[in-house]
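Note: hydrogens, waters and symmetry copies are ignored here, and every other heavy atom, side chains too, is used.
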Amino acid sequence: MIGQVNPFGSVWRRDVLRSAALFPVAAALGAAPASAAQSDDWGDDIALLRQVYESLHPGLYRYNSPREMARRFSATQAEWTKGPTRRAAFLSLSRLLASVRCGHSYANFYNQSAAVQAELLDDIPRLPFLFRWIDRTMVVARSQGDEAPLPPGTRIERINGVATADILRQLLPLVRADGHNEAKQRSLLSCLGTDTWETFDVLYGNMWPNARTFDLHLRYPDNRRARVTRGSISHIVRQADLTASTAGTPLWPFAIGEDGTATLTMPGWALYNSDWDWNAYLADCFGQMAAQRVARLIIDLRGNEGGLDCGDAIIARLIDAPLVPESYERRVRFDRVPAAMLPYLDTWDRSFDALGVDARPIAGGFRALPAGAVERIEPVGPRFAGKVAVIVDASNSSATWRFASIMQAYGLGTLVGETTGGNRRGINGGAFYFLRLPKSGLEADVPLIGAFPRTPKPDGGLDPDVFVAPTAADIAAGYDRVMATARRALAG
């Protein structure tokens, strides 16, 4: 199973180790972290985090030197010895983990305990509208709640006296991303109602927890300036809107337009616990296109961070010979996880505890995992021989990054939109642990497998073949400039 894990896949997986000789802190904390009592001094939690990351994290020094990370761990530990509130500790932890510059290393909202979620995620202020960042401008996409709505395309310039550009500047260092990919961070800080826990809601709400009303300085789409006051909305209201917007719609809407262009909208591939037969669904979509002799297909991946390698089933229908994508070397930092560390590491597969046993020692303190079977995508007929455009944006950072890179590298389609998330230097993932910090009660994700390119690559996402981004005026007018550009790209 482990040999088949794709390092560009799920954002939900976790892994393992290095040397067993260094756990005085973990041993002192005891073997039953669930019952460990909290104290004012939580510094031991950061000492444990440091040991785990230095022993297990394959990408800890991909963008940082050991000296830089040691300094950050020490500074954070000093903060935590002073008796921080859990809210302050959460923000401090988020800043530390974001500095690793790994899109899978963060205090995962979904993996926190129910008590932490109730304290830090539920009862926090939320802006009463959805929005996106266009460069460094906050632009309203849709209002929520019962108060007078703000028109789409409205630009928010200040919130409670703080310029929104300054709010963005303060939040960016707390947000996960692979490498120096700020576009990915801004994408995560856009609040579009697509996640149970919106990154902006969580970080802003904990940085300004008392902001129950919002004094908004704004500029309407017609350029009139105004100052209005709006109240915070609850998580239930945010969620109710999300539920209403998705109820009764297929997971991946598919349609063939009057102009003969098919569109397949794929907002997410995180289908690990789903019993939906998505492969059969894709087969049906391609069957419909074959029956109607469709010659143009647009695949819309906006907002899709990744999940399963669903894109392979699409690629299989675009090729007429087997395709072997460019491979990245898969590395770990350990052979077997030290016994003293295991009580603090949750996972869904305990075979990760010995993930590196069969790995080959290589330079830099790494162990190279066995290559296993050569990754190979076999063609599935009938082949779609028409033109394909793939709409991408900064959210695409895992399985969707991989799919887009294969489509571009092998000339299978035209990428339209914005530079992707992820990073061409490789990412960390594939298998994960959930590190439970016993004193603070917080959780941190620990990716275990690092994917490293075999030749030097730039620090950044994939640039599309046709760059186009939405504007505030587009949002105000309800105009999808990116989709229109994709249609033009296929018509040419």
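Between the side chain of R296 and the main chain of L490, no donor-acceptor pair closer than 3.5 Å is present. At least one donor-acceptor pair closer than 3.5 Å links the side chain of D393 to the backbone N or O of G303. With hydrogens and angles ignored, the 3.5 Å screen pairs no side-chain donor or acceptor of Y281 with any backbone N or O of L251. Looking at E198, its side chain does come within 3.5 Å of a backbone N or O of D195 through a donor-acceptor pair. Proximity of a side-chain donor or acceptor of R333 to a complementary backbone N or O of L60 within less than 3.5 Å is not detected. In this structure, W401 contributes its side chain and S395 its backbone to no donor-acceptor pair below 3.5 Å. Without hydrogens or angle criteria, Q112 side chain to L442 main chain gives no donor-acceptor distance under 3.5 Å. When atom types are taken as modelled, the side chain of N396 and the backbone of N304 share a donor-acceptor pair closer than 3.5 angstrom. The closest donor-acceptor contact from the side chain of D320 to the backbone of P379 lies at 3.5 Å or more, if one exists at all.
Sorted by first then second residue, the side chain to side chain donor-acceptor pair (under 3.5 Å) pairs that include residues 450-462, not counting sequence neighbours, are H180-D459, E326-K457, S327-R454, N423-D459. Applying the salt bridge (Lys or Arg N to Asp or Glu O under 4.0 Å) test to residues at least two apart or on different chains, the pairs with a partner in residues 460-482 are R302-D480, D474-R481. The salt bridge (Lys or Arg N to Asp or Glu O under 4.0 Å) analysis of residues 253-263, with sequence neighbours excluded, yields the pairs D259-R487. Residues in residues 261-275 take part in no salt bridge (Lys or Arg N to Asp or Glu O under 4.0 Å) pair, two or more places apart or across chains. Residue pairs meeting the salt bridge (Lys or Arg N to Asp or Glu O under 4.0 Å) criterion with at least one partner in residues 276-292, sequence neighbours excluded, do not occur; the list is empty. Pairs engaging residues 453-492 under the ring-ring contact (aromatic ring centres under 6.0 Å, His included) rule: none recorded [sequence neighbours left out].
E68 and R101 are not joined by a salt bridge, as no carboxylate oxygen comes within less than 4.0 angstrom of a charged side-chain nitrogen. With salt bridges taken as basic N to acidic carboxylate O contacts below 4.0 Å, none links R155 and E157.
Here the OH atom belonging to Y328 is positioned 9.5 Å from the CD1 atom belonging to I427, to the nearest 0.5 angstrom. Here N108 contributes atom CG and S94 contributes atom OG; the two are 10.5 Å apart, rounded to the nearest 0.5 Å. Between atom CD1 of residue I377 and atom CG of residue D309 there is a gap of 8.0 Å, rounded to the nearest 0.5 Å. Here T263 contributes atom OG1 and I391 contributes atom CD1; the two are 9.0 Å apart, rounded to the nearest 0.5 Å. Interatomic distance, M289 CE to L264 CG, rounded to the nearest 0.5 Å: 7.5 Å. Between R436 atom CZ and S113 atom OG the span is 7.5 Å, to the nearest 0.5 Å.
Annotation: side chain of S55 is not in contact with side chain of P338 (no heavy-atom distance under 4.5 Å). Between V388 and I314 there is no side-chain heavy-atom pair separated by less than 4.5 Å. You'll find the side chain of V468 reaches within 4.5 Å of the side chain of V416, heavy atoms only. In this structure the side chain of S105 never reaches within 4.5 angstrom of the side chain of D445, judged on heavy atoms. When side chains are defined from C-beta on, M138 counts as touching L127, because their heavy atoms get closer than 4.5 Å. Considering only heavy atoms from C-beta on, E418 comes within 4.5 Å of P470 through its side chain. The shortest side-chain heavy-atom distance between P66 and E54 does not fall under the 4.5 Å cut-off. Residues V140 and P151 form no side-chain contact, since every pair of their non-hydrogen atoms from C-beta on lies 4.5 Å or further apart.
Judged as a side-chain contact (heavy atoms from CB on, under 4.5 Å), and not counting sequence neighbours, the contacts of A394 are A183, S187. In this view, T265 and P253, P267, D300 satisfy the side-chain contact (heavy atoms from CB on, under 4.5 Å) rule, not counting sequence neighbours. The side-chain contact (heavy atoms from CB on, under 4.5 Å) test applied to A177 returns K184, Q185, not counting sequence neighbours. The side-chain contact (heavy atoms from CB on, under 4.5 Å) test applied to L168 returns W133, R136, L172, R186, L189, not counting sequence neighbours. In terms of the ring pair (Phe, Tyr, Trp, His ring centres under 6.0 Å) criterion, residue partners of F366 (sequence neighbours excluded) are, by chain and number, F452. Y204 is linked by a ring pair (Phe, Tyr, Trp, His ring centres under 6.0 Å) to F200, W208, counting only residues two or more places apart in sequence or in another chain.
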> What's the verdict on side chain to side chain donor-acceptor pair (under 3.5 Å) for S190 and R132, showing C-alpha distance, side-chain angles and the deciding distance?
Replying inline: CA-CA 4 Å; S190 291; R132 69 169 63 243; 5.4 Å; no
>> Would T137 and D135 count as a side chain to side chain donor-acceptor pair (under 3.5 Å) here? Give the steps.
In response: CA-CA 6 Å; T137 301; D135 293 326; over 6 Å; no
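In terms of heavy-atom proximity, A262 sits nearest to F254 at CB-CE1, 3.9 Å. Shown here for R50 and A70, the closest heavy-atom pair between the two residues is NH2-CB, 3.3 Å.
Remark: the T485 side chain and the R488 side chain contain an N/O donor-acceptor pair separated by less than 3.5 Å.
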